[in-house]
Asker: 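Below: one structure in structure tokens.
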Amino acid sequence: MKELSERALQYLDGCNEETFELLETLCKIPAPSHHEEKRAEFCLDWFKSQGAEGAYIDEALNVVFPMNCEGRDDIVIFMAHTDTVFPDMEPLPYTKDDEYIYCPGVCDDTVCLVQMMMAVKYVLKNNLKPNCGMLFVANACEEGLGNLKGVRQIMKDYEGRVAALYTIDGGYRHIVNACVGSHRYRVTVETEGGHSYGAFGNKNAIHYMSDLVCRLYEQEVPKKEGTKTTYNVGIIEGGTSVNTIAQKVSAMYEYRSDDKECLATMQASFEAEIEKTKAKGVEVTVELLGERPCSGNVDEAVLAKMSEECMAIQTKHSGIPCVAESGSTDANIPLSLGVPAVCIGSYVGAGVHTREEKLQISSVPIGTKIVTEMVLNYFED
């Protein structure tokens with residue numbers, strides 16, 4: 001693990017104004033999952049303006065900048081995602097005071113993307129050469145129903161050639177080096193419905209959906225030592241009016257676990273409850289909206305070394321002890337394929353995934369140093 005050079009430190013100390021200008025610009029470019037076109041175009045133009053020869057946008061709307069990758073199977077990937085959890089297609093509100101920047105999506109993951117971009121600028125400005133294949137990616141579709149589409153595409157396009165992956169996403173008090181897998185569904189119940197008075201006694205889809213939800217919430221999650229398993233119904237919608245027996249109701253349901261066997265147990269339990277509802281004489285359809293895998297067979301020694309280095313760098317620059325956790329991130333896909341991967345953190349913030357999301361201004365330069373040192377471990381500087 002190398003220290004940042006004096007040249008790198010001088011660059012980082014002098015780039016704060018540019019960093020915050022880039023952050024504000026990106027925050028104001030809408031980028032819901034599957035609709036990251038405008039951010040992707042901006043990022044591609046920005047990379048090219050810094051001299052990123054060969055940068056391109058792929059079919060998943062990832063912005064990809066390969067360095068020294070031709071014919072190599074030792075590629076190291078750094079990525080930060082462009083999409084936000086918010087559906088807005090108009091610019092999101094951006095304000096700040098002396099302590100915080102306030103904007104939906106500013107933490108997750110816009111500041112992380114900006115910090116990676118500033119590290120890439122340093123590499124290009126100083127004509128640094130990697131000691132392996134390097135891939136910088138501003139990736140799409142990390143959030144929710146994006147279903148990790150961006151990183152899936154990268155791992156497909158560079159199959160068998162990736163040695164390690166770092167995704168930048170989250171605060172610098174922790175890293176994520178173990179996968180939380182999940183299955184996400186839309187469940188729809190349909191009945192004959194009818195007039196609330198004239199057809200009283202007909203089956204009501206709301207009744208049967210409510211019964212299903214109650215039974216799902218009466219499940220016992222697996223109690224395997226050292227694991228965590230959860231479930232949630234996040235959206236219910238349907239019906240027509242107060243005087244209509246509902247014909248159609250849908251709900252979105254997910255379960256998660258950091259253990260493959262527990263995830264399989266939850267799947268079996270869910271499928272059994274669906275069959276019980278069908279047996280009551282109503283039509284039930286199930287649509288799989290997203291599936292995030294648990295970890296596969298990863299070289300534990302390599303993963304442990306990566307994790308230790310990440311935690312050491314984050315702690316060194318932040319002065320805050322860093323811990324390793326499980327989580328659901330872009331790292332799920334490489335880890336499920338046996339490729340060592342770590343999700344690193346680069347800021348302090350609060351209210352992630354809410355309209356009140358805020359970023360601590362003083363944490364941004366710290367995070368930029370963390371990200372840059374991680375990147376420069378693979379370059380001669």
Asker: For a side-chain contact (heavy atoms from CB on, under 4.5 Å) check, start with the C-alpha distance between Met252 and Arg184, then their side-chain angles and the critical distance, and finish with the verdict.
Answerer: CA-CA 7 Å; Met252 286 191 183; Arg184 290 164 174 164; over 6 Å; no
Asker: Please verify the inter-ring angle class for Tyr122 with Tyr11; under 30° counts as parallel, over 60° as perpendicular, anything in between as tilted.
Answerer: tilted
Asker: Quick check: closest heavy atoms across Thr229 and Val221, and the distance to 0.1 Å?
Answerer: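 Closest approach of Thr229 to Val221: O-CG1, 3.8 Å.
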Asker: Can you see whether Asp157 engages Gln153 through a side-chain donor-acceptor pair at a distance of less than 3.5 angstrom?
Answerer: yes
Asker: Measure from NZ or CZ of Lys358 to the centre of the six-membered ring of Tyr102 and say whether it is under 6.0 Å with the direction within 45° of the ring axis.
Answerer: no
Asker: Would you say Phe78 and Val120 make side-chain contact, with heavy atoms under 4.5 Å?
Answerer: no
Asker: Thr110 vs Arg39, test: side-chain hydrogen bond (donor to acceptor under 3.5 Å, both in side chains). Steps then yes/no.
Answerer: CA-CA 10 Å; Thr110 312; Arg39 275 202 191 181; 3.1 Å; yes
Asker: Go through Met374 and Ile313 one step at a time and tell me if the side-chain contact (heavy atoms from CB on, under 4.5 Å) criterion holds.
Answerer: CA-CA 8 Å; Met374 298 273 196; Ile313 291 171; 3.9 Å; yes
Asker: Tell me the closest heavy-atom pair linking Cys141 and Glu36, and the distance in Å.
Answerer: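 Distance-wise, the nearest heavy atoms are N-OE2, 2.9 Å.
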Asker: Keeping Asp83 on the side-chain end and Glu142 on the backbone end, is there a donor-acceptor pair under 3.5 Å?
Answerer: yes
Asker: In terms of side-chain geometry, is the basic nitrogen of Arg355 or Asp88 positioned less than 4.0 Å from the acidic oxygen of its partner?
Answerer: yes
Asker: Under a 4.5 Å side-chain heavy-atom rule over Ile, Leu, Val, Met, Phe, Trp and Tyr, are Leu337 and Leu148 clustered together?
Answerer: yes
Asker: Only pairs at least two apart or in different chains count here, so list each salt bridge (Lys or Arg N to Asp or Glu O under 4.0 Å) that has a residue in residues 110-135.
Answerer: Glu18-Lys121
Asker: Group every Ile, Leu, Val, Met, Phe, Trp and Tyr by side-chain heavy-atom contacts under 4.5 Å, then state whether Val371 and Val342 land in the same group.
Answerer: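 In one cluster with Val371: Val342, yes.
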Asker: Could you see if Leu128 belongs to whatever hydrophobic cluster contains Val76? Use Ile, Leu, Val, Met, Phe, Trp, Tyr and a side-chain cutoff under 4.5 Å.
Answerer: yes
Asker: Can you label the angle between the Phe379 ring and the Phe136 ring as parallel, tilted or perpendicular, going by 30° and 60°?
Answerer: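 Phe379 vs Phe136 ring planes: parallel.
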Asker: Is a donor from one side chain sitting under 3.5 angstrom from an acceptor on the other, for Asp108 and His353?
Answerer: yes
Asker: Could you tell me whether Glu373 and Lys369 have a side-chain N and a carboxylate O separated by less than 4.0 Å?
Answerer: no
Asker: Counting only heavy atoms not in Asp97 (residues, nucleotides, ligands), do more than 12 fall under 6.0 Å from its CG?
Answerer: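 Count over threshold, so yes.
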Asker: Testing the basics here: between Lys224 and Thr227, what is the closest heavy-atom pair and its distance to 0.1 Å?
Answerer: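 Taking every non-hydrogen atom into account, O-OG1, 2.7 Å.
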Asker: Could you tell me which residues satisfy side chain to side chain donor-acceptor pair (under 3.5 Å) with Gln50, sequence neighbours excluded, listed by chain and number?
Answerer: none
Asker: Does the side chain of Ile154 reach to within under 4.5 Å of the side chain of Ile77, using non-hydrogen atoms?
Answerer: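 Contact flag for Ile154/Ile77 side chains = yes.
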Asker: Consider only side-chain heavy atoms of I, L, V, M, F, W and Y, link residues closer than 4.5 Å, and tell whether Met155 and Met306 are in one cluster.
Answerer: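 As far as the 4.5 Å side-chain criterion goes, Met306 and Met155 are not connected within one cluster.
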Asker: For a quick check under 3.5 Å, do Glu254 and His183 share a side-chain donor-acceptor pair by atom type?
Answerer: no
Asker: Is it the case that Ser346 and Gln115 place a side-chain donor and acceptor less than 3.5 Å from each other?
Answerer: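 The criterion, which ignores hydrogens and geometry beyond distance, is satisfied for Gln115 and Ser346.
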Asker: Determine, for Glu275 against Lys278, whether the closest basic-nitrogen to carboxylate-oxygen distance falls under 4.0 angstrom.
Answerer: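 Salt bridge between Glu275 and Lys278, a charged N being under 4.0 Å from a carboxylate O: yes.
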Asker: Is Leu113 close to Leu26 at the side-chain level, that is, under 4.5 Å between some pair of heavy atoms?
Answerer: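 A side-chain contact under 4.5 Å exists here.
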Asker: Going by heavy atoms in the side chains, are Ile236 and Tyr253 under 4.5 Å from each other?
Answerer: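 They are not in side-chain contact.
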Asker: Flag yes if more than 12 heavy atoms outside Tyr197 fall under 6.0 Å of its OH atom; otherwise flag no.
Answerer: no
